[in-house]
Amino acid sequence: MPKLINQNSEMILTLENKKVKISNPSKIFWPEEKISKLDLINFYTEIAPFILPYLEGRPESLFRTPDGIKGLGFFQKDTSNLNLPDWIETKTVSKMENSLTKYLIINDLASLIYVVNLGCIEINPWASKGPDFEKPDYLILDLDPVESSFDNVIKTALIIKEILDDLNIEGYPKTSGKRGLHIYLPTGAKYDYAQIKTLAEIIANLAHRKAADFTSLERSPKKRKGKVYLDWLQNGLDKTTVAPYSVRPAIKATVSVPLDWEEIRSGLNPEDFNLKTVTARLKKKGDLFSSILYSTGFDLKKVLKKIS
DNA sequence: GTGGACT
DNA sequence: AGTCCACAACGCCCT
DNA sequence: AGGGCG
Ligand SMILES: [Mn+2]
Ligand SMILES: [Mn+2]
């Protein structure tokens, strides 16, 4: 009896006049939810106008899961041994004196779908873009619960919101798509990573002071069990955070979704925002992050003065 | 998923 | 032609 | 100096 399973297949998509080869489009990426690679591609095609502004010009750290969410997955930054089409932008960075890293940059729909075909379920861009890669467009506060409830994450986010209001800083929250939240503070790309990291640490410390019983600044996960880790170290050159509107390689095909602050309250469930539901939400809400990339950002000198 | 090295 | 393998990286902070 | 962390 010949086996007919595991047959490879291929398909060519033409996107904005660029040809993208899709390998194994019917491969199941989420077995429980029966969501295929092609379903994922269709999702990203649909929401591309939302995600692309947060990818353009930014080097990517690829996290590739070509066997779906049950597979192992691996990271890839250097794409120099990939046979990239000439319409994909890259940025080559010299590391040590003998090695170069050729980062991929997603500037358009075809590049996005090309990357999804490689097995990237999630998209992880730098916080800075060209031409000045030293200056991030936003400061990220990353709230990571460690065996702690999502209610504690919500409480932590609201405490941070109070701090930001006091300091007259804009902040924009989104689900991480897993169990935490990310808060983006627009910078106007005026400051380098070292300056931004300094402020991130200060805000994390202020929040911890206000909520010491359920937040933590400890680097060791064992020491922060039951707490929400205030991760300010995500701010640095070559660090990445999952993009707004990125799918996650996680159960339910969850999506990292920007929220209104009014939505940050008990009852919020990150699993409600997934590949099946987000399109309808975006039609209603639009892009809640849209002002981030155009904001002039906070004035660091004034903020630091106010704190001291 | 893909390209290179090795068999 | 088939098989195996690689595919991130770095500042920070605790010991 | 070495290791764990994201
Ligand atoms: Mn996180
Ligand atoms: Mn984190």
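Heavy atoms only: backbone and side chains are in, while hydrogens, waters and symmetry mates are out. The chains referred to below are lettered A, B, ... by the order of the sequence lines, with proteins before strands, and numbering in each begins at 1.
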_I'd like to know if K285(A) and D260(A) make a salt bridge, using a cut-off of under 4.0 Å between side-chain N and carboxylate O._
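Answer for the salt bridge query: yes.
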_K178(A) with D144(A): basic N within carboxylate O range, under 4.0 Å_ =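 Looking at D144(A) together with K178(A), the answer is no, because their closest N to O distance does not fall below 4.0 Å.
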What distance, rounded to whole Å, do you find between the two [atom1] atoms, one in [N] and one in [M]?
N      : M       : atom1 : value
dG1(B) : dC10(C) : C1'   : 27 Å
dC7(C) : dC5(D)  : P     : 22 Å
dA9(C) : dG3(B)  : C1'   : 22 Å
dA8(C) : dG4(D)  : C1'   : 16 Å

_Heavy-atom donor-acceptor pair, Y114(A) side chain to L109(A) backbone, under 3.5 Å_ =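 Checking the backbone N and O of L109(A) against the side chain of Y114(A), no donor-acceptor pair under 3.5 Å is found.
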*What are the two closest non-hydrogen atoms of P270(A) and T254(A), and how far apart are they?*
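For P270(A) and T254(A), the tightest heavy-atom pair comes out as O-CG2, 4.0 Å.
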*Nearest heavy atoms of F150(A) and R179(A), plus distance in Å*: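 In terms of heavy atoms, the two residues are closest at CD1-O, 3.3 Å.
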Starting from [atom2] on [N], measure out to [atom1] on [X] and report it in whole angstrom.
X       : N       : atom1 : atom2 : result
K27(A)  : dT2(B)  : NZ    : C1'   : 12 Å
K102(A) : dG3(B)  : NZ    : P     : 12 Å
F75(A)  : dG1(B)  : CZ    : C1'   : 17 Å
K197(A) : dC12(C) : NZ    : C1'   : 8 Å
E218(A) : dC12(C) : CD    : C1'   : 13 Å
D78(A)  : dA9(C)  : CG    : P     : 8 Å
Q76(A)  : dG1(B)  : CD    : P     : 14 Å
W126(A) : dA8(C)  : CH2   : C1'   : 12 Å

*asked:* Quick check on dG1(B): is either OP1 or OP2 less than 4.0 Å from any side-chain nitrogen or oxygen of N24(A)?
replied: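 Answer is yes, contact under 4.0 Å.
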*Quick one: is N117(A) getting a side-chain N or O under 4.0 Å of the dT2(B) phosphate, OP1 or OP2?*
yes
The side chain of [X] is closest to which nucleotide in this list: [options]?
X       : options                 : answer
K77(A)  : dA8(C), dT2(B), dC12(C) : dA8(C)
K223(A) : dA9(C), dC14(C), dA8(C) : dC14(C)
N83(A)  : dG1(B), dG3(B), dA8(C)  : dG3(B)

*asked:* Treating primed atoms plus P, OP1 and OP2 as sugar-phosphate and everything else as base, which nucleotides of nucleotides 1-6 of chain D get B, S or - for protein heavy atoms under 4.0 Å?
replied: ---BBB
_Please determine whether the number of non-hydrogen atoms from other residues, nucleotides or ligands lying under 6.0 Å from atom NZ of K37(A) exceeds 12._
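Result for NZ/K37(A): enclosed.
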*CG of N17(A): more than 12 outside heavy atoms within 6.0 angstrom?*
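Atom CG in N17(A) is not packed in, count stays at 12 or less.
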*Enter the distance from D231(A):CG to D142(A):CG here, rounded to the nearest 0.5 Å.*
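Those atoms lie 4.5 Å apart.
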*Pair W261(A) + Y172(A): ring centers closer than 6.0 Å*: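 Centroid separation for W261(A) and Y172(A): 6.0 Å or greater.
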*Would R64(A) count as a cation-pi partner of F74(A), with NZ or CZ less than 6.0 Å from the six-membered ring centre and within 45° of the ring normal?*
no
*For DNA chain B, which residues in residues 60-74 of chain A have a heavy atom at a distance below 4.0 Å?*
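Within residues 60-74 of chain A, the residues near DNA chain B are R64(A), P66(A), F74(A).
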